[in-house]
> 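Could you have a look at this structure, given as structure tokens, before my questions?
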Amino acid sequence: MTRKPLFQSVIALLNFRVHNKWIGIQDSLKRQLITEDDFKWRLPPKINEREKEGSNCEILLKYVGGVDLSFSKEDSSIACGALVVLDFQTLKVVYEDSSIVRLHIPYLPGFLAFREAPVLLELLDKMKKNAHPFYPQLLMVDGNGLLHPRGFGLACHIGVLADLPTVGVGKNLHHVDGLTQSRVREIRQAADSPENVLPLIGDSGCTWGAAIQSSQGSLKPIFISVGHRVSLATAIETVKMTCRFRVPEPIRQADIRSRERLRNHQ
DNA sequence: GCGACAG
DNA sequence: ATCTTGTCGC
Ligand SMILES: [Mg+2]
């Protein structure tokens with residue numbers, strides 16, 4: 001597809017303006033971001049773990065959500081967004097919804113939220129306005145949170161706009177602040193004992209998240225970061241507790257079911 | 001100029 | 001993200 005240079009310049013200018021607008025939105029929303037625990041529930045005590053004293057909180061974490069999108073191979077603008085809710089203890093799916101939509105915004109690294117967040121926020125909103133009893137107390141997002149060029153990835157974006165505790169989970173490392181795959185390998189070798197939780201500390205000294213080996217079946221790590229209203233420690237713990245396989249079960253189920261729904265469509 | 005680039 | 005088959009191993 002060849003175009004005259006003038007057209008290309010106009011398109012480049014539009015892209016430049018949209019790009020700046022999006023950065024402005026991310027910077028603006030980031031002012032509402034909360035990066036510590038801010039919720040009324042607590043984690044169920046682990047087996048063999050003594051009940052912590054002073055935890056007068058009676059609400060246990062039970063409903064953990066997961067979101068993901070799948071795309072049509074024929075028409076890459078057709079996508080299915082899925083929201084699932086699992087029982088945190090049994091990891092059984094207790095709620096499932098999905099929506100097939102046409103996307104008008106391409107994938108651009110650093111701007112994933114502008115493509116994927118709208119359909120996912122709609123699925124959450126539908127559940128909330130129906131006052132569904134299984135509305136998630138915590139949401140796991142297939143995409144990063146703080147681990148992002150401007151510290152405001154998809155998980156933060158959804159968390160702030162839905163005012164919901166969220167955790168970001170990346171299957172690949174988005175290079176930020178000098179953090180690369182080889183840098184992660186160095187961090188691993190610098191650890192005194194074979195750790196399966198590695199802090200992701202960038203050149204600036206900032207902690208962007210953690211790389212964890214989440215299952216015995218896979219050596220490849222996943223990359224966890226704070227989304228909204230959770231600390232990194234809580235993010236890591238909840239992800240670990242929901243990993244039957246490499247990808248935490250809420251996200252894995254959203255992935256499986258969104259793809260399945262798309263396959264059975266048309 | 002070159003490489004990197006969540007999903 | 002998707003394109004794609006079998007194959008090795010628990
Ligand atoms: Mg995905």
Side-chain angles (χ1 to χ4, degrees), chain A residues 15 19 22-23 25-26 29-30 33 66-83 98-121 123 139-159 166-185 200 202-203 208-212 214-228 232 235 239 244-248 250-263 265-266:
Chain A
N15 286 341
H19 181 268
W22 284 351
I23 288 179
I25 291 172
Q26 289 177 330
L29 288 176
K30 190 177 175 179
L33 193 64
V67 286
D68 189 28
L69 272 72
S70 290
F71 298 86
S72 162
K73 52 192 173 194
E74 293 87 16
D75 181 350
S76 62
S77 73
I78 299 292
C80 175
L83 164 66
S98 58
S99 173
I100 294 176
V101 292
R102 183 178 292 279
L103 299 179
H104 304 285
I105 293 167
Y107 166 66
L108 297 172
F111 302 99
L112 178 64
F114 296 93
R115 176 172 166 85
E116 297 200 352
V119 62
L120 301 177
L121 286 168
L123 290 167
L139 185 71
M140 296 189 183
V141 176
D142 185 26
N144 295 320
L146 283 188
L147 181 53
H148 176 275
R150 286 165 298 284
F152 198 77
L154 176 62
C156 302
H157 201 110
I158 290 176
T166 57
V167 172
V169 179
K171 298 182 290 293
N172 294 100
L173 180 61
H174 192 170
H175 295 189
V176 154
D177 194 20
L179 292 165
T180 63
Q181 291 94 327
S182 63
R183 187 76 189 85
V184 173
R185 280 194 295 271
L200 294 172
D203 291 338
W208 297 84
I212 78 165
S214 57
S215 74
Q216 295 183 327
S218 174
L219 291 176
K220 185 175 180 180
I222 58 176
F223 305 92
I224 301 174
S225 56
V226 167
H228 183 48
L232 182 56
V239 166
R244 294 176 57 201
F245 305 103
R246 176 173 171 252
V247 174
I251 291 176
R252 183 171 166 267
Q253 288 302 325
D255 175 87
I256 291 171
R257 287 161 197 249
S258 62
R259 187 177 299 106
E260 178 73 5
R261 166 91 199 274
L262 211 46
R263 206 170 64 73
H265 187 260
Q266 297 180 19

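Hydrogens, waters and symmetry mates play no part in the numbers below; they use all other heavy atoms, side chains included. Residue numbering restarts at 1 for every chain, and letters A, B, ... go by the order of the sequence lines.
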> Nearest-Å distance, CG (Leu103(A)) to P (dT2(C))?
12 Å
> Partners of Ser70(A) by side-chain hydrogen bond (donor to acceptor under 3.5 Å, both in side chains), sequence neighbours excluded?
Ser258(A)
> What I'd like to find out is whether the side chain of Val169(A) reaches to under 4.5 Å of the side chain of Val141(A), using heavy atoms alone.
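They are not in side-chain contact.
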> Please work out if Ser70(A) contacts a base, only the sugar-phosphate, or nothing of the nucleic acid, heavy-atom cut-off 4.0 Å.
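Sugar-phosphate contact only - Ser70(A) comes under 4.0 Å of backbone atoms but never of a base.
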> Output a table of nitrogen or oxygen pairs between the protein and nucleotides 6-10 of chain C separated by less than 3.5 Å.
none

> For Thr166(A) and Ala155(A), indicate whether the former's side chain and the latter's backbone hold a donor-acceptor pair under 3.5 Å.
yes
> Determine the minimum heavy-atom distance between Ala79(A) and Leu103(A), stating which atoms define it.
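In terms of heavy atoms, the two residues are closest at CB-CD1, 3.7 Å.
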> Indicate for each nucleotide in nucleotides 2-7 of chain B, in 5' to 3' sequence, whether protein heavy atoms under 4.0 Å reach the base (B), only the sugar-phosphate (S), or nothing (-).
--SBBB
> dA1(C) C1' sits how many Å from Ile100(A) CD1, rounded?
16 Å
> Are any non-hydrogen side-chain atoms of Leu139(A) and Leu83(A) less than 4.5 angstrom apart?
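Yes - at least one pair of side-chain heavy atoms lies under 4.5 Å apart.
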> Which residues pass the salt bridge (charged side-chain N to carboxylate O under 4.0 Å, His left out) test with Arg259(A), not counting sequence neighbours?
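Partners of Arg259(A) by the salt bridge (charged side-chain N to carboxylate O under 4.0 Å, His left out) criterion, ordered by chain and then number, come out as Asp255(A).
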> Taking only residues two or more places apart in sequence, or in another chain, which ones meet Arg257(A) in a salt bridge (charged side-chain N to carboxylate O under 4.0 Å, His left out)?
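Checked Arg257(A) against salt bridge (charged side-chain N to carboxylate O under 4.0 Å, His left out); matches are Glu96(A).
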> Do any side-chain atoms of residues 106-119 of chain A form donor-acceptor pairs under 3.5 angstrom with protein atoms, and if so which ones, sequence neighbours left out?
| residue | atom | partner | partner atom | Å |
| --- | --- | --- | --- | --- |
| Arg115(A) | NH1 | Ile105(A) | O | 2.7 |

> Roughly how far, to the nearest 0.5 Å, is CG of Leu147(A) from CG of Leu173(A)?
6.0 Å
> Please, what dot-bracket string fits DNA chain C when only Watson-Crick and G-U pairs with both distances under 3.5 Å count, crossing ones use [ ] and pairs to another strand use |?
..........
> Which residues satisfy the salt bridge (charged side-chain N to carboxylate O under 4.0 Å, His left out) test with Arg183(A), sequence neighbours excluded?
Glu186(A)
> State which residues pass side-chain hydrogen bond (donor to acceptor under 3.5 Å, both in side chains) with Lys30(A); sequence neighbours excluded, sorted by chain then number.
none
> Residues two or more places apart in sequence or in another chain: which of them pass side-chain hydrogen bond (donor to acceptor under 3.5 Å, both in side chains) with Asp75(A)?
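So Asp75(A) forms a side-chain hydrogen bond (donor to acceptor under 3.5 Å, both in side chains) with Ser77(A), Arg102(A).
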> Using a 3.5 Å limit on both pairing distances, list the dot-bracket string of DNA chain B from the 5' end; Watson-Crick and G-U wobble pairs count, crossing pairs take [ ], interstrand pairs take |.
.......
> Quick one: list whatever passes side-chain hydrogen bond (donor to acceptor under 3.5 Å, both in side chains) with Ser98(A), sequence neighbours left out.
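By the side-chain hydrogen bond (donor to acceptor under 3.5 Å, both in side chains) rule, Ser98(A) matches Arg261(A).
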